[in-house]
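Everything below concerns the one structure shown next.
First the proteins, then the strands, lettered A, B, ... as listed; each starts at 1.
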Protein chains: 2
Amino acid sequence: MAEQGMRVEDLDTPCLMVDLDRMERNIREWQAAVSAHGVQLRPHVKTHKVPEIACMQLAAGAGGITVAKVAEAEVFAAGGAQDIFIAYPVIGAQKWQRIAQLARQCTMTVGVDSEVGVRGLSEAAAVAGVQIRVRVEIDSGLNRAGVQPDQAAALCRLIISLPGLQLDGIFGFRSVMFGAAGGRSAAELGREEGELYVAWANQLRAQGIPIQQVSVGSTPTAKYAAAVPGVTEVRPGTYIFGDYMMAELGAVRYEDVALSILCTVVSRPTADKATVDGGSKTFCGDSVPARYNLKGYARAVNMEAYVESMSEEHGVVRLGAGANPQIGERIAFYPIHVCTTVNLSDELVGVRNGKVERVWPILARGKRA
Amino acid sequence: MAEQGMRVEDLDTPCLMVDLDRMERNIREWQAAVSAHGVQLRPHVKTHKVPEIACMQLAAGAGGITVAKVAEAEVFAAGGAQDIFIAYPVIGAQKWQRIAQLARQCTMTVGVDSEVGVRGLSEAAAVAGVQIRVRVEIDSGLNRAGVQPDQAAALCRLIISLPGLQLDGIFGFRSVMFGAAGGRSAAELGREEGELYVAWANQLRAQGIPIQQVSVGSTPTAKYAAAVPGVTEVRPGTYIFGDYMMAELGAVRYEDVALSILCTVVSRPTADKATVDGGSKTFCGDSVPARYNLKGYARAVNMEAYVESMSEEHGVVRLGAGANPQIGERIAFYPIHVCTTVNLSDELVGVRNGKVERVWPILARGKRA
């Protein structure tokens, strides 16, 4: 395990290193960019899964946090978060009861997209004697969750009619990474995403339904969606660290990518390959490379080399021009998708000037219930 | 969290359920099948990552356990394992020292494929005053680790010349899942794998190098490799639970698949799709479906339905004929690859007759250093 004061050269591998200067700059700059539009930044904390880092985002001006699961909300509430949005259609009696418990200590907002979800949450809130804010998720075409736009009004009316719930607004998601969105720029998509949800909010308002919050946006689209009048909140997560995919998509700059994975070369099977001690238990296996024309699951920071194939503990690295790392040599990589990569690890090692300044246990790792 | 005595209907989701009758039968039957050939079964415990389950395998007759990483060895040594093989080319001064520490309390065998690895391990063993067994990994053509066959003799002679090390044999791996092996049956491949390594062992012996152990085999090939005269040990892991991929490849029978993942339907985006509360943080994202012509990342146990795409917390299930699960309904799935799926979870819930009999924390989850 890493300890404060250690030199980077002495870290055992594989190890997730956070460049603290870059992370702090990302927190500051994104907060400023979103605030400039008078829009609330509610970062999705699934990217780092560390309550203390969420507190840094809140201290910088974030208006609350976003999580996907009740178990994540519990970890961040225990870590000091006061205003939590579960951007997920929560289903299940135990989960509704846990949300109602959380609502005693902090402001809870929950996503809904079904009558089952709305009625269950209402009942749990009423039994516990608490108020829970709800936002209706509207499907932007990803077909994974959310009501169809023409069904939103009926669900909003049901929410208004039931005890324990406060209709707070609508939310959704539409990213360059998904659906029919391929081929257009993040700027176009962000604008389109914002305009789509603002239009849906206005349609609901025209039917007499009070919609306050219009919450959209992921890292590729958030800055552009925030510029759309009527959008009140954006929820990017990845921006805090960035990753190989986001840098290639142009959503962040390489010089802002703040998380890298330090590995050791353990074998040199052929002249053009090196095997490192991190495989699919270290780098996420999200099957993105083919989809986004990337060169592998991770990109070396300081040489032309990519993790091209993985088994659980072996990462087979394709070496490019001039790359000839020897057995025992260390290579740092930018992962293709930082959120799922962080979920595979137990700690984040915060580094500045070549030394370990902070070691954070990833307290919300694996919290998916 | 699951508790002993709970009914399956009351488990929160997502949840990894182990059918204890099936798991116990798998342990018994595979042990008997391998023992029948006079060969040692040294199960790879990365599949379950639970020391108590390793103890069940050892009690059934296993002659030790296999792990991939030093951190796994530490967890299983603390859990009672006396004879551990790290089937991985361990590189790094801290790791060699940790192995030397472990060698004070149990019999340690370590894989090597380089001079760097051999010299480092020797030095750590000599400093600690312990003996460490080593096995030379020979590359069967996967090009991820292992010396080329014609380099094995030189590495063996180096091992013999150095203090602290005992040359124990050779090992390797060649599976239906990898490399140029496609298109042939597991029986053919297992025989070929066994014969290949026995031939290499005999070539080394002919040069005066004492090779005792010839260790090969994974779940698809182990039973067939064990039948090859001269093979002394096989190291399957997945057999204890099986999974969708192994069942489709014919390496296990569906009626023996012992691990399933219970999920809840949280949304019904379209008539032919259901979204469940487990995505890539629950089901491994190993990019196998296309490679093996499978229908998704997981297969429903009791209906015609497959997890076809995933984001972190959403599993989008393609519904087949007759499948029409409602929001709130639970579906159990066989994952495509059980080892990496277990690595994403914190506990295994052992079930018999519809009730929770055991809850095991997955103590070696994430142990990859």
Toward chain A, the part of B/Gln94 with a non-hydrogen atom under 4.5 Å: side chain
Between A/Arg330, A/Lys273, A/Glu313, which shows the greatest number of heavy-atom pairs under 4.5 Å with chain B? A/Glu313
For A/Ile362, which atoms come within 4.5 Å of any heavy atom of chain B: side chain, backbone, both, or neither? neither
Nearest-0.5 Å distance, NZ of residue A/Lys95 to OG1 of residue B/Thr264: 5.5 Å
Is A/Asp113 in contact with chain B via its backbone, its side chain, both, or neither, using a 4.5 Å heavy-atom distance? side chain
Non-hydrogen atoms of chain A under 4.5 Å away: do they reach the side chain of B/Val147, the backbone, both or neither? neither
Among the options B/Thr13, B/Asp10, B/Val265, B/Asp139, pick out the one with the most heavy-atom pairs lying under 4.5 Å from chain A. B/Thr13
Okay, A/Glu137 and chain B: the region with an atom under 4.5 Å from a heavy atom over there is neither
Heavy-atom distance under 4.5 Å to chain A: side chain of B/Val266, backbone, both or neither? both
Which atoms form the tightest heavy-atom contact between A/Pro14 and B/Ala369, and what is the distance? CD-CA, 4.1 Å
Flag if over 12 foreign heavy atoms under 6.0 Å of CD, A/Gln151: yes
Of all heavy-atom pairs between A/Tyr88 and B/Val276, which one has the smallest distance, and what is that distance? OH-O, 3.6 Å
Quick check on A/Val116 against chain B: is it the side chain, the backbone, both or neither that has a heavy atom closer than 4.5 Å? side chain
Of the backbone (N, CA, C, O) and the side chain (C-beta and beyond), which part of B/Ser309 lies under 4.5 Å from a heavy atom of chain A, both, or neither? neither
Need one label for B/Glu115: side chain, backbone, both or neither, based on atoms under 4.5 Å from any heavy atom in chain A. neither
If one checks every heavy atom of A/Thr270 against chain B at 4.5 Å, the contacting part turns out to be side chain
Which portion of B/Asp346 sits near chain A, non-hydrogen atoms under 4.5 angstrom: side chain
State whether the number of non-hydrogen atoms from other residues, nucleotides or ligands found under 6.0 Å of A/Glu123 atom CD is greater than 12. no
Bottom line for B/Asp12: the part with an atom under 4.5 Å from chain A's heavy atoms is both
Which region of A/Thr282, side chain (C-beta onward) or backbone (N, CA, C, O), has a non-hydrogen atom less than 4.5 Å from a non-hydrogen atom of chain B, or is it both or neither? both
Largest heavy-atom contact set with chain B, pairs under 4.5 Å, which of A/Arg268, A/Lys367, A/Arg365: A/Arg365
Under 4.5 Å from a heavy atom of chain B, the part of A/Val90 involved: neither
Please determine whether salt bridge (charged side-chain N to carboxylate O under 4.0 Å, His left out) holds for the pair B/Lys281 and A/Glu72, giving the CA-CA distance in whole Å, both sets of side-chain angles, and the decisive distance to 0.1 Å. CA-CA 13 Å; B/Lys281 279 173 60 183; A/Glu72 289 179 322; 3.4 Å; yes
With chain B, which of A/Lys46, A/Gln326, A/His314, A/Gln148 has the greatest number of heavy-atom pairs at distances under 4.5 Å? A/His314
Closest non-hydrogen atom pair between A/Ser267 and B/Ala145, with its separation: OG-CA, 3.6 Å
To the nearest 0.5 Å, what is the distance between CZ (A/Arg144) and OG (B/Ser311)? 3.5 Å
Quick check against the 3.5 Å criterion: does B/Arg368 have a side-chain atom that pairs as donor or acceptor with the backbone of A/Leu344? yes
Is the number of heavy atoms from other residues, nucleotides or ligands within 6.0 Å of CD (A/Glu3) greater than 12? no
Under a 4.5 Å cutoff for heavy-atom pairs, which residue among B/Asn143, B/Thr340, B/Val316 has the most contacts with chain A? B/Asn143
Inter-residue atom distance B/Ile327.CD1 - A/Ile91.CD1, 0.5 Å rounding: 5.5 Å
State plainly whether the residues B/Glu312 and A/Lys69 are in salt-bridge range, i.e. N to O under 4.0 Å. no
